[in-house]
Number of protein chains: 2
Amino acid sequence: MQVIVYSHSAYLSDPQMLVKNFLTPAWAARAQIAGLLQKNRLDALKMPVLFVCEASNRLLSRRQKIRREWPSAERTRVSASASTMNIREIARRAKVSTATVSRTINRMPTVHPHLAKRVWKVVEELGYFPNTQARMLGSGRSRIFGLIVSEITNPFFPEIVHVFEEIAVQHGYEILMTSTVHDRERMKTAIRRLLEHRVEGVAVMTFGMEEALLEDLKVRNVPLVFVDAVGPPRPRVSNIRIDYLRGIRQAVQHLAALRHERIAFITGPLTLKSAVARKDAFIESTKEIGMALDRQLIMEGDHTPKGGEQAFAKLLALPLRPTAVLCSNDMTAIGVMHKSYVEKIAVPRDLSVIGFDNIRFSEYILPPLSTIQMSQAELARLAFQALLNDVKRETPNPHGTEYILKTNFVLRESTAMNGHKALRSTRAL
Amino acid sequence: MQVIVYSHSAYLSDPQMLVKNFLTPAWAARAQIAGLLQKNRLDALKMPVLFVCEASNRLLSRRQKIRREWPSAERTRVSASASTMNIREIARRAKVSTATVSRTINRMPTVHPHLAKRVWKVVEELGYFPNTQARMLGSGRSRIFGLIVSEITNPFFPEIVHVFEEIAVQHGYEILMTSTVHDRERMKTAIRRLLEHRVEGVAVMTFGMEEALLEDLKVRNVPLVFVDAVGPPRPRVSNIRIDYLRGIRQAVQHLAALRHERIAFITGPLTLKSAVARKDAFIESTKEIGMALDRQLIMEGDHTPKGGEQAFAKLLALPLRPTAVLCSNDMTAIGVMHKSYVEKIAVPRDLSVIGFDNIRFSEYILPPLSTIQMSQAELARLAFQALLNDVKRETPNPHGTEYILKTNFVLRESTAMNGHKALRSTRAL
DNA sequence: CTGAAAGCGCTTACAG
DNA sequence: CTGAAAGCGCTTACAG
């Protein structure tokens, strides 16, 4: 029997390659090449035809059309796919079963080294790599974690994304990242996408936003990890509690030591649980050292530079201005410093400013910003570990697990002794 | 025969629900519930057992253990999965075929509205959503695009990631994002991951780095889009060419108009094609206006603030210092301004600085940084569109497609007239 | 327009 | 230790 090989476009440029790749030598010797859609030639031949087809449904339909037109054609499945090598092809060439190929590739110790070697040889020769989707479907495990951040363009988050991704890849996980931008709709579609992809867990790095929307995930027993979550503990729901008080206390005491008595605090959006927690930590820190608390000095911002500017403008309008400002995040502090620049208020001489987060940028702000570090890398590590633990655990911890992340004050150059330099310059005059 | 239903945890709270969901009325009438792992009870019964099991391999093995221990147990597969609703279950309840469910969910117009309504009703009642992995495997399309950026922690990139993701979701695509951090190994594993996930296209936003590594993707006919690619055009490989000259020329002419004659340029890493292109645009811009070019004023940086500082330090050591510095990116400019701050060189009075990229931050730098805008949103949009076009195109454009992105100078407050203020202050003395 | 059935490329319990 | 075979949850060409 003569053989006609019917191929798809990728091999048209080098049909011999196709013959070599997909036929046994015995078949290859008899092979002729029929290019894609060259129906006429095939038609003229009127002889048994061996088809090589690819997975694409489009091509499949072509093949079937051709089959209808040459009922005489013998249809032999040589390979399911010419463009995509698969496990069956590897098995055929290595002269083992697909089960053995699968076991070899997954490095199961039970495979005889002799067979494993044969399999690896073929795998490398053909540059084969498994199809993740099929793997997921077969095993029932997606090996995907979701990562929800509130705003990737806020420089606090890319670092988290980066570290989270790095660890995930090390553990053979893929991540599906979503930036919700404080938008309910986006959050909803994001959750839907995560569920459709059957993620094995989701890290929710939104700092206490819209958590009600995540009910869908909880109900389906998807392991979750939050930052600053509230609400009753649940199995498979971990929480990373930030020890805000530690860093904020250090900052307040630093300002107090510099003889500041009117310290303002610009909060984040107070719908955010983390923002409330930071504000509360500030209030507690001032109380601890018996500092008189002027409620007017606590101003709401929104964690953006613009919000920082506006809040600071209001503080400037106060009859008694603050001499120092502590901000709920670095972006807010940047806004404050920008406004100070515009108003020709010299930082730190006339105003001390402290941020929160220690984004990478803060050391490049002028003057370099003193801030409170909340390690983004550590946060990402904790979050990943929390999810991994939950995935591995046979029986979930009924109360969830709590992790704690400390914060620390970082001294740079945006604070100074209250009145000190001003005093000196007065004397100089 | 009596029936024991062996269930997994999700149904333990409401076992009757399980019986109702998975057994025919006739079986249900005889069903007793045996909870998860309640081996003892089952053991005591010593009677035929009907198992309901779920897909999870872990549970499957438990089931099998139990079966081994009660050889008398009759094993009937009632449903493949109790935890995950599937298309078969929907079909059963809506009294249609799985084909019809599939067609309905994919909104194929051929489904009779009457049937479609029945299907949607069941889908909504049960909160069903399709399994993406199975969908991919069935259709042969992954609906995933890869996105490779060089460094997510560089504030230039998050904006790209954000916009790219947003458009992708709108078009029903998922993205797999990877930050290579200028690391060959990471790039290699990233490409491998993308191939394993059978991505339909990859946007390579590394600005001319390590493109040789992408050969694997090209060979497999994966549509690609580059920025500043070099090399011969190829089918399914698009290129976004940045019109650097336009923006850089505007910046140079602006400085020239401010009577700057010694304008330095701090480049990016010259292994990066984009960095070379920016440098060349600078040289051409100075030549165009007949400005004498001092090669000493072109200093290599690395697109980080640290690199900017170091390059600027070398410029300061020159016998004749520059009065203006144009930087290959904003991060470099930030480094320059930081160094100026340390060295007490006032920007813009003593030194004019211009960046490149127009990252969001640049307007919050003090003084606000004049820079050259290269729209990150537009770049992301072009890249996505390029991939989508290639995916849709039946026969690829043999020469690939080229897209062009313009750049524009953005004036802020980091530049000033050369010598002007210095002159005035001299007079004042 | 609809359903029965084959197929996607893997994994894995079972029986040697 | 290995292979034959069933299964994962979809899609879709084909035949009504």
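Lettering of chains follows the sequences in order, A, B, ..., and the numbering in each one begins at 1.
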Atom-to-atom span, CG of A/Leu126 to P of C/dG9 - whole angstrom
15 Å
What's the closest nucleotide to the B/Arg103 side chain, out of C/dT11, C/dC10, D/dC14?
D/dC14
Give a yes or no on whether a donor-acceptor pair under 3.5 Å exists between the nucleobase atoms of C/dG9, that is its base, and the side chain of B/Arg198.
no
Proximal nucleotide (of D/dA4, C/dG3, D/dC10) relative to the B/Arg135 side chain
D/dC10
Determine whether B/Gln133 and A/Ser142 satisfy the following criterion, side-chain hydrogen bond (donor to acceptor under 3.5 Å, both in side chains), listing intermediate values before the conclusion.
CA-CA 8 Å; B/Gln133 276 95 44; A/Ser142 69; 5.6 Å; no
What is the distance, to the nearest angstrom, from the CD1 atom on B/Ile87 to the C1' atom on D/dG7?
16 Å
Taking the C1' atom of each, how far is D/dT12 from D/dG16, in whole Å?
16 Å
D/dG3 phosphate, OP1 or OP2: any side-chain N/O from A/Ser97 under 4.0 angstrom?
yes
Does B/Arg220 form a side chain to side chain contact (heavy atoms under 4.5 Å, CB included) with B/Leu195? I'd like the steps, not just the answer.
CA-CA 9 Å; B/Arg220 290 172 212 269; B/Leu195 284 170; 3.5 Å; yes
Taking the nucleotide of DNA chain C with the nearest heavy atom to each, does B/Leu137 or B/Thr100 sit closer to the 5' end?
B/Thr100
In whole angstroms, the gap separating P of D/dG9 from CZ of A/Arg141 amounts to 16 Å
From C/dC14, D/dG9, C/dT2, nucleotide with atom closest to B/Thr110 side chain:
C/dT2
Nucleotide nearest A/Ala134 (side chain, heavy atoms from C-beta), chosen from C/dG9, D/dA4, C/dT11:
C/dG9
From C-beta outward on A/Pro130, which listed nucleotide comes closest to its side chain: D/dC10, C/dT11, C/dC10?
C/dC10
What base-paired stems does DNA chain D take part in, with at least 3 consecutive Watson-Crick or G-U wobble pairs and both distances under 3.5 Å?
C:1-3 with D:14-16, C:5-12 with D:5-12, C:14-16 with D:1-3
For atom CZ of A/Arg118 and atom C1' of D/dG3, their distance in whole Å
13 Å
If you measure from the Lys or Arg side-chain nitrogens to the Asp or Glu carboxylate oxygens, is any gap between A/Arg143 and A/Glu200 under 4.0 Å?
no
Just do the side chain to side chain contact (heavy atoms under 4.5 Å, CB included) check on B/Arg198 and B/Ile144 with the steps written out, would you?
CA-CA 8 Å; B/Arg198 303 294 191 271; B/Ile144 299 179; over 6 Å; no
Value in whole Å for how far the P atom of D/dT2 lies from CE of A/Met108
13 Å
Step-by-step side chain to side chain contact (heavy atoms under 4.5 Å, CB included) determination, A/Leu176 to A/Leu147
CA-CA 6 Å; A/Leu176 234 43; A/Leu147 174 60; over 6 Å; no
Hey, is the side chain of B/Tyr128 poking within less than 4.0 Å of OP1 or OP2 on D/dC10, counting only N and O atoms?
yes
Among the nucleotides D/dT2, D/dT11, C/dT2, which one has an atom lying closest to any side-chain atom of A/Leu115?
D/dT2
Need to verify one output field. Residue with the more 5' nearest nucleotide on DNA chain C, B/Val96 or A/Phe129?
B/Val96
Is any NZ, NE, NH1 or NH2 atom of the basic residue among B/Arg193 and A/Glu174 found under 4.0 Å from an Asp or Glu carboxylate oxygen of the other?
yes
Between A/Asn131 (CG) and C/dT11 (C1'), how many Å, whole number?
13 Å
With respect to the phosphate group of C/dC10, does any side-chain polar atom (N or O) of A/Asn86 fall under 4.0 Å of OP1 or OP2?
no
Rounded to whole Å, please give me the gap between CZ in A/Arg143 and C1' in C/dT11.
14 Å
Pairs meeting criterion salt bridge (Lys or Arg N to Asp or Glu O under 4.0 Å) with involvement of residues 120-137 of chain A, two or more places apart
A/Lys121-A/Glu125
May I ask you to check whether B/Glu89 and B/Tyr128 show a side-chain donor-acceptor distance below 3.5 Å?
no
Minimum-distance nucleotide (side-chain atoms of B/Arg88 versus D/dC8, C/dA4, C/dT12):
D/dC8
Between C/dT11 atom P and B/Gln133 atom CD, what is the distance in whole Å?
13 Å
For B/Thr98 and A/His112, find the nucleotide of DNA chain D closest to each by heavy atoms; which residue's nucleotide sits nearer the 5' end?
A/His112
